Amino acid sequence: MGGNLRSAHVGQSVTLGGWVHKSRDLGGQVFIDLRDREGLVQIAFNPGWTAADVIAAAAAIGMESAIIVEGSVALRPDGLRNAALPTGEIEVRATAFRVVGPAATPPIPVALDKEAKLPAEDLRLRHRVLDLRRAELQRNLVLRHRLMQVTRNYLSDDGYLELETPILTKPTPEGARDFLVPSRMHAGEFFALPQSPQIYKQLFMCAGFDRYFQIARCFRDEDLRADRQLEFTQIDIEASFITREDILAMAEGLVKALWLEGGVEIETPFPRMSYAEAMERFGCDRPDLRYGLEIRDLSSVFATSESGIIKGALEAGGRVRGITVPGAASWSRKQVDELEAIAKGAGAGGLVRLKVADGKLEGPLAKFMAADAAGPLGLVDGDLLLAVAGADRISSPALDRVRQECAARLGLAAADRREFLWVLDFPMFDRDPETGALAAVHHPFTSPNGGDMAARPDAPDTWRALAYDCVLNGTELGGGSIRTSDPTVQSRMFELLGIPDRADQERRFGFLLEGLRAGAPPHGGIAFGFDRIAMILAGSDSLRDVIAFPKTTAARALFEGAPAVVPAQDLADLHIRVTDKERA
RNA sequence: GGGGGCGUAGCUCAGUUUGGUUAGAGCACUCGACUGUCACUCGAGAGGUCGCGGGUUCGAGCCCCGUCGCUCCCGCCA
């Protein structure tokens with residue numbers, strides 16, 4: 001209310017509730033900046049319209065106290081308007097006020113100067129109520145609310161039903177670590193919190209609710225990051241009797257609506273790229289298309305190289321791939337060494353560096369190269385070529401990181417550009433190099449490409465999946481797939497994933513197989529990371545700025561103090577014994 | 001599980017380089033002055049286990065070892 005007052009309200013009597021943002025005591029008169037959800041408004045306490053005892057009380061009030069003010073809206077005198085404030089044309093001339101919630105002296109400031117640094121993150125989390133009063137976090141949570149409403153309206157208007165799924169679910173051995181909830185009534189048995197509502201939404205499809213969505217809370221007990229929390233919110237969508245194209249078009253519409261709410265118009269449809277092409281050109285399944293620095297295959301030029309390392313890599317069936325960084329020939333030895341360290345950190349044995357000056361190659365390997373190799377390599381003066389020799393599985397991630405670092409150094413990733421992209425045709429499986437075991441790249445319920453499966457039934461490594469990811473500027477916004485709706489195929493997938501025993505499959509995933517056997521429609525869907533989208537649209541780089549009560553990276557909630565030890569009797573009721581010696 | 005950064009007043013920081021008197025500043029807080037401020041101004045004051053533990057030293061905020069917390073990254077996150 002108070003933050004919305006404008007000159008149009010002049011003359012009105014108002015009663016305002018809010019918090020003391022700042023106060024200025026000038027002796028005979030007092031000004032208080034009253035803050036509410038909408039903003040700030042100046043309250044003027046002056047002997048001309050305010051009783052002396054009210055002025056005295058106003059002068060004594062502490063910052064961040066909750067107050068109720070009565071008064072009238074008045075135009076400020078000429079020359080005393082504040083253009084920096086939306087309410088700066090007016091002020092409220094107080095006739096009465098009450099302190100309804102006196103505040104202890106705030107341990108962290110709420111009213112901050114424009115250039116002031118925020119308090120340390122742990123203090124902000126420890127005193128979260130005060131931190132949440134700041135305009136930035138108020139804005140972010142309001143945005144979050146609006147994005148939720150946009151999502152609901154868009155999907156509901158498109159015929160999707162918002163349906164809920166259980167929070168207490170069955171533990172699944174695949175994927176991330178489950179959060180487990182002990183069952184009091186069944187000693188030694190546990191519920192799991194859902195990593196996603198994946199199977200439940202497929203069961204909804206089997207049950208005939210052919211368009212489902214949920215703004216679903218998901219839980220994964222893994223280590224945290226700036227963009228990863230233990231619990232997070234997902235826009236979860238599934239539909240029946242649809243094709244991949246239907247899902248992509250629906251998802252593009254949703255993303256467009258979300259960005260519009262965030263104040264940005266974007267173009268649809270999004271460009272598309274196969275996984276194979278993304279890996280070949282960018283070394284990464286979620287490429288940042290705001291800049292080039294694309295990876296090229298240089299094997300044929302290096303084939304004539306006398307270098308033992310290069311020869312060995314090529315003879316072993318590997319390739320030489322690299323990126324050209326224009327103007328980077330001037331980078332210092334140290335700067336390039338740092339790039340090599342990044343490549344090595346990503347698994348590469350080393351980083352070939354060749355720079356071009358006066359048409360000639362320079363660098364440790366130049367002596368092994370033909371004198372005129374710059375031309376065939378496509379290099380001109382000032383270029384720096386950075387290359388990795390070896391298997392693609394080594395060179396791709398190494399060049400991906402080198403490419404990102406070079407782009408960062410050159411400032412190529414423009415913050416105001418948005419390069420959306422669909423990455424399609426992911427491989428179905430990934431093989432663990434140590435154990436040789438297959439793992440699902442997306443998840444075990446994704447449908448393999450039927451043609452791939454028919455063409456080479458005994459080579460699951462070669463199968464592509466009907467899976468897709470939505471990527472923005474190198475960040476994955478969401479992903480999904482067409483699911484396996486044939487219980488026989490699903491059973492075969494479990495088999496390939498290391499659950500060959502039918503009884504085992506039934507014990508673990510029987511509820512899904514039963515749904516599929518009941519007459520399953522073709523179906524598929526997608527899930528978007530809602531917090532991450534809110535973070536991007538809020539212009540923040542931490543999830544903690546769009547979540548009201550987040551956990552620290554050490555997986556603690558500092559405000560409420562979770563997790564916490566519980567009384568021994570509670571544990572006994574749950575049939576739990578703590579084995580850690582120091583805590584038991 | 002591993003690596004980097006940070007930790008000094010309620011908050012943000014200086015002081016650590018090269019160990020040496022009583023550890024400082026701004027904001028906030030307390031008291032006082034001030035009738036048009038909006039980073040109000042001015043005066044005075046209070047406020048510190050220098051994250052914690054151990055060590056080296058005549059002497060440690062500063063050096064060494066360990067540890068805790070926050071943070072960023074790797075592993076991990078179907």
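First the proteins, then the strands, lettered A, B, ... as listed; each starts at 1. None of these values were measured; they are calculated from a predicted model.
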Can you tabulate the close N/O pairs, meaning under 3.5 Å, that link protein atoms to atoms of nucleotides 42-52 of chain B?
none

- Message: Restricting to ring pair (Phe, Tyr, Trp, His ring centres under 6.0 Å), what partner residues turn up for F97(A), sequence neighbours left out?
- Response: F45(A)
- Query: Starting at the 5' end of RNA chain B, which residue's closest nucleotide do you reach first, A439(A) or P109(A)?
  - Reply: P109(A)
- Message: Applying a 4.0 Å non-hydrogen cut-off, can you work out what R177(A) is touching in the nucleic acid: base, sugar-phosphate, or nothing?
- Response: nothing
- Look at all strands and tell whether T446(A) reaches a base, only sugar-phosphate, or nothing, counting heavy atoms closer than 4.0 Å. nothing
- Query: Roughly how far apart, to the nearest Å, are G7(B) and G45(B) at atom P?
  - Reply: 30 Å
- With heavy atoms under 4.0 Å as the rule, sort P444(A) into base, sugar-phosphate or nothing. base
- Task: Respond yes when some side-chain nitrogen or oxygen of R24(A) is under 4.0 Å from OP1 or OP2 of U37(B), and no when none is.
- Result: no
- Item | side-chain contact (heavy atoms from CB on, under 4.5 Å) partners of L168(A), counting only residues at least two apart | V181(A), F191(A), L193(A)
- Message: Just to verify, what does R217(A) make a side-chain contact (heavy atoms from CB on, under 4.5 Å) with, not counting sequence neighbours?
- Response: F219(A), E231(A), T233(A)
- Under the side chain to side chain donor-acceptor pair (under 3.5 Å) criterion, do T488(A) and D486(A) qualify, and how do the steps go? CA-CA 5 Å; T488(A) 314; D486(A) 178 339; 3.2 Å; yes
- When the P atoms of G4(B) and C50(B) are considered, how many whole Å apart are they? 26 Å
- Message: For a quick test of reading the model: is some side-chain N or O of K22(A) closer than 4.0 Å to OP1 or OP2 of U37(B)?
- Response: no
- Message: If the condition is ring pair (Phe, Tyr, Trp, His ring centres under 6.0 Å), which residues does H9(A) pass it with, not counting sequence neighbours?
- Response: none
Would you list the protein and nucleotides 4-8 of chain B atom pairs, both N or O, that sit under 3.5 Å from each other?
none

- Classify the nucleic acid contact of L497(A) as base, sugar-phosphate or nothing, counting any heavy atom under 4.0 Å across all strands shown. nothing
- Task: Quick one, give me the B/S/- string for nucleotides 66-74 of chain B, reading 5' to 3', where B means a protein heavy atom under 4.0 Å from the base and S means that only happens at the primed atoms, P, OP1 or OP2.
- Result: ----SBSSB
- Task: Scan residues 334-342 of chain A against RNA chain B and write down, sorted by residue number, each residue with any heavy atom closer than 4.0 Å; if none is found, say none.
- Result: none
- For RNA chain B, which residues in residues 48-75 of chain A have a heavy atom at a distance below 4.0 Å? W49(A), M63(A)
- Please name all residues satisfying ring pair (Phe, Tyr, Trp, His ring centres under 6.0 Å) with F426(A), sequence neighbours left out, ordered by chain then number. Y275(A)
- Query: Excluding sequence neighbours, so at least two apart, what forms ring pair (Phe, Tyr, Trp, His ring centres under 6.0 Å) with Y212(A)?
  - Reply: F204(A)
Residues 58-67 of chain A side chain polar contacts: donor-acceptor under 3.5 Å, at least two apart:
residue: E64(A); atom: OE1; partner: R35(A); partner atom: NH2; Å: 2.8
residue: E64(A); atom: OE1; partner: R133(A); partner atom: NH1; Å: 2.9
residue: E64(A); atom: OE2; partner: R35(A); partner atom: NH1; Å: 3.1
residue: S65(A); atom: OG; partner: G62(A); partner atom: O; Å: 3.0
residue: S65(A); atom: OG; partner: A103(A); partner atom: N; Å: 3.0

